[in-house]
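In this chain, residues are counted from 1 in sequence order. We count ligands from 1, going down the list as the structure has it; atoms in each ligand are counted the same way. Heavy-atom basis, side chains included; hydrogens, waters and symmetry copies ignored. Bear in mind that the values here come from a model prediction, so they are computed numbers and not experimental data.
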Amino acid sequence: MVTDRSRLHIAVQKSGRLFEQSRDLLKGAGLKLQGGKNALTARAENFPLDVMFVRDDDIPTFVADGVCELGICGQNVLEEYALGQAARRVRTVTNLGFGRCTLKIAAPDGVVYKTEMLAGQRIATSYPRLLAHFLAERAIEAEIVPMKGAVELAPRLGIAKFICDLVSTGATLEANGLAAVETVLASEAVLVRTLKPMAPALAERADALLTRIDGVIATQESKYIVLNAPKAALIEIARILPGAEAPTVVPLAGRPGHYAVQAVCQESVFWETLEKLKAAGASAILVMPIEKMML
Ligand code: ATP
Ligand code: ZN
């Protein structure tokens, strides 16, 4: 594929579990994307970036080869790819907090499971390298049966006794008479960057985009809190504010000994937190969403 080297390229899943949140993340970073649902690429109108929509399994390869400087994929896909490579060619920049799932060993219902019982058994999976790594670490020899999909059917079809598959709720396993028994890898979506050298101007653009993306991630949880408090309560209030660094404290006009406290809280603010603040002496507490943030 020939790509324009003056623009950045990000590989994103074309359709599937990661598509919507990947697109929302880019939109949140202020990118206006052109191109319809079925397009293979989308051009950002207001940033030198093209989005390439591909199968999630191809994303590490695209990024490793430098066809795309950036990509969004699951850690499961990334690690499976990396285990097949002699050297790392892709770097994880940040965890994205979506696409959470777990690669698990599942056994037929009723089996009283112990890891050692995998020895000599057939295990079906779409993640043969991750499974081989898991088994090797435990010095277990078993036969890995690679499958592209519908892994949960393998035991019923007599192809394998155990499976190693992605699980989020466990409902699919349950429907097939299986139960998750051991974790191989906990995964979420990550933003990855190529280790191939980039032209300085392009690297600068990548850094600018990553700063924006960090800002989007930071604002998702963060809130801006404003409250009033008497001087005696300030220390306790600062202690309660979740994930806030050095709140701003300003005297209230016309109310000697009273202050307005303002802080960015980088952790969730729950009702319980507000109740604690009130009990500590705070009043007129406001919690506001943060639209943009640059750290
Ligand atoms: P593609 O057509 O891109 O190859 P796919 O069928 O392999 O798609 P999806 O099922 O859309 O992939 O899953 C994409 C990613 O979403 C997974 O690799 C994983 O990181 C994540 N994911 C989150 N929850 C689950 C789940 N319950 N089952 C499978 N994947 C999950
Ligand atoms: Zn896939």
Side-chain angles (χ1 to χ4, degrees), residues 1 9-26 33 35-42 50-65 67-68 70-85 90-107 123-134 144-155 160 162-193 213 217 220:
M1 191 181 297
H9 305 83
I10 187 166
V12 164
Q13 192 187 22
K14 179 167 165 48
S15 61
R17 290 184 153 98
L18 301 180
F19 167 75
E20 271 181 32
Q21 280 158 299
S22 303
R23 185 201 50 196
D24 292 351
L25 180 70
L26 297 177
L33 300 178
K37 176 87 179 76
N38 291 317
L40 296 177
T41 61
D50 293 327
V51 185
M52 300 205 176
F53 296 110
V54 296
R55 289 202 52 182
D56 68 343
D57 317 75
D58 293 332
I59 292 172
T61 313
F62 272 62
V63 177
D65 292 349
V67 173
C68 291
L70 303 169
I72 296 175
C73 67
Q75 288 168 314
N76 52 317
V77 165
L78 180 65
E79 294 307 322
E80 178 69 16
Y81 166 83
L83 284 171
Q85 302 291 310
V90 174
R91 177 167 74 83
T92 296
V93 182
T94 183
N95 288 25
L96 296 172
F98 61 84
R100 287 210 170 90
C101 57
T102 319
L103 185 64
K104 290 203 171 200
I105 306 277
I123 313 168
T125 188
S126 308
Y127 295 89
R129 294 187 192 120
L130 280 167
L131 177 57
H133 181 76
F134 170 90
I144 296 172
V145 183
M147 287 178 73
K148 287 284 180 204
V151 174
E152 65 281 358
L153 298 182
F162 296 94
I163 68 167
C164 169
D165 202 8
L166 288 179
V167 182
S168 49
T169 62
T172 313
L173 291 181
E174 205 177 303
N176 286 285
L178 299 165
V181 287
E182 189 160 17
T183 295
V184 174
L185 179 83
S187 175
E188 67 181 274
V190 286
L191 183 70
V192 293
R193 178 177 185 152
I213 288 177
I217 297 166
Q220 279 165 355

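A donor-acceptor contact shorter than 3.5 Å links the side chain of Arg129 to the backbone of Glu80. Side-chain atoms of Thr183 never come within 3.5 Å of backbone atoms of Leu185 as a donor-acceptor pair (strictly under, hydrogens ignored). A donor-acceptor distance shorter than 3.5 angstrom exists from the side chain of Gln13 to the backbone of Leu18, with no hydrogens or angles considered. A donor-acceptor pair is defined here as one N or O able to donate and one able to accept, closer than 3.5 Å; such a pair exists between the side chain of Glu188 and the backbone of Gly97. Checking side-chain atoms of Ser126 against main-chain N and O of Met147 turns up a donor-acceptor pair under 3.5 Å. A donor-acceptor pair under 3.5 Å is absent between the side-chain atoms of Thr92 and the main chain of Thr94, judged by distance alone.
If you look at Arg17 next to ligand 1, the close heavy atoms, those under 4.0 Å, come from the backbone and the side chain alike. At a 4.0 Å heavy-atom cut-off, ligand 1 touches Asp56 through backbone and side chain alike. Neither the backbone nor the side chain of Gln75 has any atom closer than 4.0 Å to an atom of ligand 1 (non-hydrogen atoms only).
Every atom of ligand 1 is numbered from 1 in the order shown, and the set under 4.0 Å from a heavy atom of Gly99 is 21 (C), 23 (C). Annotation for ligand 1: atoms under 4.0 Å from non-hydrogen atoms of Ser168 are 26 (C), 27 (N). In the vicinity of Val77, heavy-atom distances shorter than 4.0 Å reach the ligand 1 atoms 18 (O). Of all the atoms in ligand 1, the ones that sit under 4.0 Å from a non-hydrogen atom of Gly16 are 11 (O). The contact set between ligand 1 and Arg100, taken as ligand atoms under 4.0 Å from a residue heavy atom, comprises 23 (C), 24 (N). Short contacts between ligand 1 and Gly74, defined as distances under 4.0 Å to a heavy atom of the residue, involve ligand atoms 20 (O). In the vicinity of Leu18, heavy-atom distances shorter than 4.0 Å reach the ligand 1 atoms 15 (C), 16 (O).
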message = Please evaluate residues Asp56 and Lys14 with respect to the criterion side chain to side chain contact (heavy atoms under 4.5 Å, CB included), reporting the C-alpha separation (whole Å), side-chain torsions for both, the decisive distance (0.1 Å), and the verdict.
response = CA-CA 8 Å; Asp56 68 343; Lys14 179 167 165 48; over 6 Å; no

**Message:** Pair Val54, Leu40 - check side chain to side chain contact (heavy atoms under 4.5 Å, CB included), show working.
**Reply:** CA-CA 7 Å; Val54 296; Leu40 296 177; over 6 Å; no

| task | Might you work through the side chain to side chain contact (heavy atoms under 4.5 Å, CB included) test for Val12 and Leu26, ending with a clear yes or no? | result | CA-CA 10 Å; Val12 164; Leu26 297 177; 4.3 Å; yes

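Ligand 1 does not have Lys14 within reach: every non-hydrogen atom of the residue lies 4.0 Å or more from it.
Polar contact check, Asp57 against ligand 1: a nitrogen or oxygen pair lies under 3.5 Å apart.
Considering only heavy atoms from C-beta on, Ile72 comes within 4.5 Å of Phe98 through its side chain.
Regarding atom 8 (O) of ligand 1, its nearest protein heavy-atom neighbour is Gln13 NE2, 3.0 Å. Summary of contacts: the protein heavy atom closest to atom 30 (N) of ligand 1 is Leu166 CD1, 3.3 Å. Of all protein heavy atoms, the one lying nearest to atom 24 (N) of ligand 1 is Cys101 CB, 3.4 Å. Looking from atom 20 (O) of ligand 1 to the surrounding protein, the closest heavy atom is Asn76 OD1, 2.7 Å. The shortest contact between atom 2 (O) of ligand 1 and any protein heavy atom is with Arg55 NE, 3.5 Å.
Atoms NZ and CZ, from Lys104 and Phe162 in turn, are 15.5 Å apart once rounded to the nearest 0.5 Å. The distance from the CG atom of Leu153 to the CD1 atom of Ile163 is 9.0 Å, given to the nearest 0.5 Å. Between the CD atom of Glu79 and the OG atom of Ser187 there is a distance of 8.5 Å, given to the nearest 0.5 Å.
Smallest separation of non-hydrogen atoms from Leu25 and Ile213: CD2-CG2, 4.0 Å. Summarising the geometry of Cys68 relative to Ile10, their closest heavy-atom pair is SG-C, 4.2 Å, with the distance given to 0.1 Å.
Ordered by chain and number, Asp56 OD1, Asp57 OD1 make up the set of protein N, O or S atoms under 2.8 Å of the Zn ion (ligand 2).
When distances from atom 6 (O) of ligand 1 to the protein are checked, no heavy atom turns up under 4.0 Å.
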